[in-house]
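Since the structure is predicted, the reported quantities are computational estimates derived from the model, not experimental observations.
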Amino acid sequence: APLDAGLVRTFLAEVRTVPEDALAADRVEEDLDELAGQQDADERFVLRGDLLARMRDIVKRCKFREDSLAGALKLEKAALDKNRADYELAVAGDASAQRQAELLSVADDKRADVTKATLAFQQANAHRKSLEATLASLTSVEDAAAKAEADHRSKLVQLQKTYDQRRPDR
């Protein structure tokens, strides 16, 4: 089945919103041009599979970046917790006003870092989900066919087991 050109454009537009993926988007476009110029049905089938694999790889890279940002966010939050605890200990320990102000300033700076890390993670998450949704729309026909085939194979196996159990001995 031919790929929906509108969905492919949507996918590429979303990919290009992240500068790290611009080269990958260029390669997808090259693959699309090659696919459009191919006349042999078998070659088109192979090229289409390669194109979809490249698109899935882009989504996987986005997921990796998202996971890295999630780890960085976790570290930033841990550092914020430590800075807040240091400030609270200084207040409880009657530290000088200057020391308390310094610790509060450090905690506030870290809170700003947590906010930036949170926004970066949320953007990466939304980007990945958008790409996954578009890719799922592109492959919905194949996915439905693969599921139907798996269901039929499962039924065939079950029927074979039932037949073997009920078959009279030879």
Separation between [atom1] of [X] and [atom2] of [Y], rounded to the nearest 0.5 Å:
X    : Y    : atom1 : atom2 : result
T139 : D4   : OG1   : CG    : 12.0 Å
R167 : D164 : CZ    : CG    : 5.0 Å
T17  : L12  : OG1   : CG    : 11.0 Å
T10  : L135 : OG1   : CG    : 12.5 Å
D108 : L104 : CG    : CG    : 4.5 Å
F11  : S137 : CZ    : OG    : 11.5 Å

Stepwise salt bridge (charged side-chain N to carboxylate O under 4.0 Å, His left out) check, D151 with K147: CA-CA 6 Å; D151 291 346; K147 183 179 181 332; 3.2 Å; yes
Q. Would you call D21 and R65 a salt bridge, taking side-chain N to carboxylate O under 4.0 Å as the test?
A.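 Answer for the salt bridge query: yes.
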In terms of side-chain geometry, is the basic nitrogen of K63 or D67 positioned less than 4.0 Å from the acidic oxygen of its partner?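 Here K63 pairs with D67 in a salt bridge, since their nearest N and O are under 4.0 Å apart.
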Next item on the list: Give a yes or no answer on whether the side chain of S130 reaches the backbone of A126 with a donor-acceptor pair at less than 3.5 Å.
Entry: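 No, the answer is negative, given that no donor and acceptor are paired below the 3.5 Å cut-off.
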**OP:** Just do the side-chain contact (heavy atoms from CB on, under 4.5 Å) check on Q160 and L156 with the steps written out, would you?
**Re:** CA-CA 6 Å; Q160 185 64 48; L156 180 62; 5.7 Å; no
Considering only distance and modelled atom types, tabulate donor-acceptor pairs under 3.5 Å from the side chains of residues 112-121, sequence neighbours left out.
from: T115; atom 1: OG1; to: R111; atom 2: O; distance (Å): 3.0
from: T118; atom 1: OG1; to: V114; atom 2: O; distance (Å): 2.8

Do V15 and L69 share a hydrophobic cluster (ILVMFWY, side-chain heavy atoms under 4.5 Å, transitive)?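 No: no chain of side-chain contacts under 4.5 Å links V15 to L69.
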- Taking the side chain as every heavy atom from C-beta outward, state whether M55 and V59 have any pair of such atoms under 4.5 Å apart.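 Result no, sub-4.5 Å side-chain heavy-atom pair not found.
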Open item on the list: Would you say that V46 contacts D50 through its side chain, given a criterion of any heavy-atom pair below 4.5 Å between the two side chains?
Closed with: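 Yes, close enough: below the 4.5 Å cut-off.
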Sequence neighbours excluded and cut-off under 3.5 Å, please list the side-chain donor-acceptor pairs for residues 83-97, or say none.
from: D86; atom 1: OD2; to: K82; atom 2: NZ; distance (Å): 2.6
from: S96; atom 1: OG; to: R99; atom 2: N; distance (Å): 3.2

query = Does V106 sit in a hydrophobic cluster with other residues, and if so which ones, taking ILVMFWY side chains as linked at heavy-atom separations under 4.5 Å, directly or through other members?
reply =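 The other cluster members (ILVMFWY side chains, heavy atoms under 4.5 Å, direct or chained): none.
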- [ ] Answer yes or no: are there more than 12 heavy-atom neighbours, outside E20 itself, under 6.0 Å from its atom CD?
- [x]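 For E20, atom CD is crowded (more than 12 foreign heavy atoms under 6.0 Å).
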For residues 117-131, which residue pairs pass the salt bridge (Lys or Arg N to Asp or Glu O under 4.0 Å) check, not counting sequence neighbours?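 Every salt bridge (Lys or Arg N to Asp or Glu O under 4.0 Å) pair that includes a residue of residues 117-131, provided the two are not neighbours, is E66-R128, R128-E132.
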Could you walk me through whether E142 and R48 satisfy the salt bridge (charged side-chain N to carboxylate O under 4.0 Å, His left out) test, starting with their C-alpha distance in whole Å, then the side-chain angles of each, then the deciding distance to 0.1 Å, before giving a yes or no? CA-CA 12 Å; E142 289 92 342; R48 186 178 190 283; 2.4 Å; yes
Throw together a table of side-chain donor-acceptor distances under 3.5 angstrom for residues 23-42, partners on residues two or more places apart or in other chains.
from: D26; atom 1: OD1; to: R16; atom 2: NH1; distance (Å): 3.1
from: D26; atom 1: OD1; to: R16; atom 2: NH2; distance (Å): 2.9
from: E29; atom 1: OE1; to: R16; atom 2: NH2; distance (Å): 3.0
from: D31; atom 1: OD2; to: R54; atom 2: NE; distance (Å): 2.6
from: D31; atom 1: OD2; to: R54; atom 2: NH2; distance (Å): 3.4
from: Q38; atom 1: OE1; to: D40; atom 2: N; distance (Å): 3.1
from: D40; atom 1: OD2; to: E43; atom 2: N; distance (Å): 3.4

Next on the checklist: Tell me the closest heavy-atom pair linking L131 and C62, and the distance in Å.
Outcome noted: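 Heavy atoms of L131 and C62 come nearest at CD1-SG, 3.5 Å.
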Note to self: Suppose we screen for side chain to side chain donor-acceptor pair (under 3.5 Å). Which residues come up paired with R166, at least two apart in sequence or across chains?
What the structure shows: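 Counting only residues at least two positions away or on another chain, R166 forms no side chain to side chain donor-acceptor pair (under 3.5 Å).
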